[in-house]
Amino acid sequence: MTLPSDTDDGLLRMLLRLSDLLPPAHARFRPLLADALLFFLDRLSPRRQRDIFTAQLALPANTSRSRRLLALFRLCPTLHKLGQVVAHDRRLSGDLRQRLQELETLVPTDSLLAIRPLLEREMGGVAGLRIARKALAEASVAVVVPFVWQQAANAPPLQGVFKVLRPGVRDRLEEELAIWPALGTFLEERCAAHGLPVFDYANTLESVAHLLANEVHLDGEQAHLRQAAEFHAGSPDIVIPRVFPFSTPTVTAMERVHGCKVTTQDLPATEMRQRAERMIRALLAQPFWSSGESGAIFHADPHAGNLLATPDGRLAILDWALTTTLAKRQCESIVQLVLGALTLNDRRVCAAIGALGQSLDDAQVEAAVGQAIGQVRGGGFPGFEWMTSLLDSLAATSAVRFPEEVSLFRKALLTLSGVAADVSPDMTIDGVLIREGASQFIRSLWWRPWIWADWRPRGDAHLSNADLFGLGAELPASTLRFWGGGRG
């Protein structure tokens, strides 16, 4: 990076010290994070570098590192999004999590004057439309502007919001996303220099970058909103904002939903637990167990800023720009993985992992699976959190290369798990998943033809009759494996 002054040199050193915010348990990765930050900043345009340094200079000299990190992330949409993803990760310090959670919903800084010409051009022909004079909120790529729409003289006015891209964000995002693939390769090289395990950074960052590119395609989000509204139509406690007919490819006009972030502790503990359960059911359990041949569609960005608790106790799910889809066979493989763990069958778990991704080191996979099965033998429950930990360890050590949709599903689970814990520490993802899956399975019993062992009805816990028969047959062998510690 070319630094024009000693002041900029000092600011750069200060920014690189932001890596010290990593918790002590991950202290050995601090030099790697500093290298990554320098690599990223060095490849931004001189104008972008100047904007970042100017923002840092404007902060008081005694500004905390977490506050400086927030100022940096705010000017970089990809870092902004990453900050939102880890904002509820309980491995980070409480102060850092609190700062990062400010990224979920920001007071707008982009002037409405820069946005209004676009709104007037796109919405000039809509009768009965009154646009507010102030923006409501700001996210990583968009600004939210309120409006009131009266369809007819005798019709009640409807409250809505426009979602409009922040000025210049498309260019900033494009510039940053071009850096990410090279950053992944650089990180893998620097791992060796620092004596760290080599993670699959390149594939992971490339997958997330591909998904983030969809953030600026507002017409795609409009399609996702309509799809989500159809899926949740039978759930009266879930709100998906209605898309208004005058939306355009560059402006989304939708229903305004009032409420607070789901993490706001505004109710007794029992009701907060119900809120967390509603969130897990809507964002994970229902899509997973209800997937038909077209697969299961998941909200891929379930941070707390996208989840509102309405005054009447419902859950509103916002910002559907980022989604990921698991094929039915992938959902079935996840169930097979859990069944293998329940029966302490290493080979069954390895086979399920092989169906979910491409094994690059079979010996390492077998070792990781053996260690995970040991946790179950020691009393751990092989639920989704156990499974996610296993898949993360395999991906982190590059033993398995998972496809983009599985990687994004894991990322969404990490975010959702952290948010759910902040809503109610008494609520577990596994409990909600088991109840929803059992309900789906019980409903299928009334019409399941038991004469076909391989018969598998659509969306009924992803279990065939052979799976059920096999569970009973495996019990004696599972008991021997438990006491003997042998492989399946």
Side-chain angles (χ1 to χ4, degrees), residues 22-26 28-29 85-92 97 196-201 203-204 207-208 276 280 283-285 288 298 300 302 324 326 330-331 333-422 425 427-434 437 488:
L22 277 180
H26 302 285
R28 61 181 180 148
F29 289 96
V85 168
V86 301
H88 294 270
D89 190 331
R90 297 174 100 67
R91 293 171 294 185
L92 301 178
R97 293 202 312 271
L196 297 171
V198 179
F199 294 167
D200 188 14
Y201 289 111
N203 188 55
T204 300
S207 296
V208 177
I280 297 167
L283 289 164
L284 178 59
F288 183 83
F298 299 93
T324 188
L326 290 185
Q330 291 173 314
C331 294
S333 295
I334 289 173
V335 173
Q336 291 300 312
L337 192 157
V338 174
L339 289 178
L342 284 170
T343 56
L344 306 178
N345 190 327
D346 296 48
R347 289 192 177 91
R348 190 173 188 176
V349 174
C350 289
I353 290 171
L356 287 171
Q358 177 188 2
S359 176
L360 304 177
D361 189 331
D362 291 342
Q364 200 168 9
V365 172
E366 291 175 5
V369 169
Q371 184 177 4
I373 292 291
Q375 296 171 359
V376 178
R377 187 176 285 110
F381 179 72
F384 259 61
E385 294 181 357
W386 172 90
M387 178 205 70
T388 304
S389 177
L390 172 59
L391 297 184
D392 283 347
S393 68
L394 292 171
T397 56
S398 301
V400 179
R401 173 163 292 175
F402 292 104
E404 180 179 280
E405 63 274 12
V406 175
S407 298
L408 293 171
F409 178 68
R410 287 171 27 235
K411 179 194 78 71
L413 271 181
L414 172 66
T415 304
L416 181 61
S417 177
V419 174
D422 283 348
M427 177 55 59
T428 64
I429 284 180
D430 289 335
V432 181
L433 280 164
I434 291 170

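By convention here, the first residue in the shown sequence is residue 1.
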Kindly compute the distance separating CG (Asp361) from CD (Glu366), expressed to the nearest 0.5 Å.
-> 9.5 Å

Which atom of Ala341 lies closest to which atom of Val376, heavy atoms considered | O-CG1, 3.7 Å

Please name the pair of heavy atoms, one in Ala420 and one in Ile280, separated by the smallest distance, quoted to 0.1 Å.
-> CB-CD1, 4.0 Å

Ignoring hydrogens and geometry, is there a side-chain-to-backbone donor-acceptor pair from Thr343 to Leu339 under 3.5 Å?
-> yes

Under 3.5 Å, is there a donor-acceptor pair between the side chain of Ser393 and the main chain of Leu390?
-> yes

Asp430: side chain to side chain donor-acceptor pair (under 3.5 Å) partners, not counting sequence neighbours | none

Do the side chains of Phe409 and Gln330 get nearer than 4.5 Å, heavy atoms only?
-> no

Of the options Asn345, Ile353, Leu337, which is the one that meets Val369 in a side chain to side chain contact (heavy atoms under 4.5 Å, CB included)?
-> Ile353

Got a second to check how far Ile434's CD1 is from Thr428's OG1, nearest 0.5 Å?
-> 7.5 Å

What's the verdict on side chain to side chain contact (heavy atoms under 4.5 Å, CB included) for Leu414 and Thr388, showing C-alpha distance, side-chain angles and the deciding distance?
-> CA-CA 8 Å; Leu414 172 66; Thr388 304; 5.8 Å; no

Looking at CD1 of Ile373 and CZ of Arg348, how far apart are the two atoms once the value is rounded to the nearest 0.5 Å?
-> 11.0 Å

Nearest non-hydrogen partners of Pro403 and Gly357, listed with the distance = CD-CA, 4.0 Å

Summary of salt bridge (charged side-chain N to carboxylate O under 4.0 Å, His left out) pairs that have at least one residue in residues 381-391, sequence neighbours excluded | none

Give, for atom SG of Cys350 and atom CG of Leu394, the distance between the pair rounded to the nearest 0.5 Å.
-> 8.5 Å

Side-chain heavy atoms of Leu284 within contact of Val432, under 4.5 Å = no

Compare every heavy atom of Leu326 with every heavy atom of Cys331, then report the nearest pair and how far apart it is.
-> SG-CB, 4.0 Å

Trp386 side-chain N/O to Val338 backbone N/O, donor-acceptor pair under 3.5 Å | no

Spacing of Met387 atom CE and Arg410 atom CZ [to the nearest 0.5 Å] | 9.5 Å

Please report the shortest heavy-atom distance between Gln364 and Ala399, naming the atom on each side.
-> OE1-CB, 3.8 Å

With under 30° as parallel and over 60° as perpendicular, where do the rings of Phe384 and Phe288 fit, or are they tilted in between?
-> perpendicular

Looking at CZ of Phe29 and CG of Leu196, how far apart are the two atoms once the value is rounded to the nearest 0.5 Å?
-> 5.0 Å

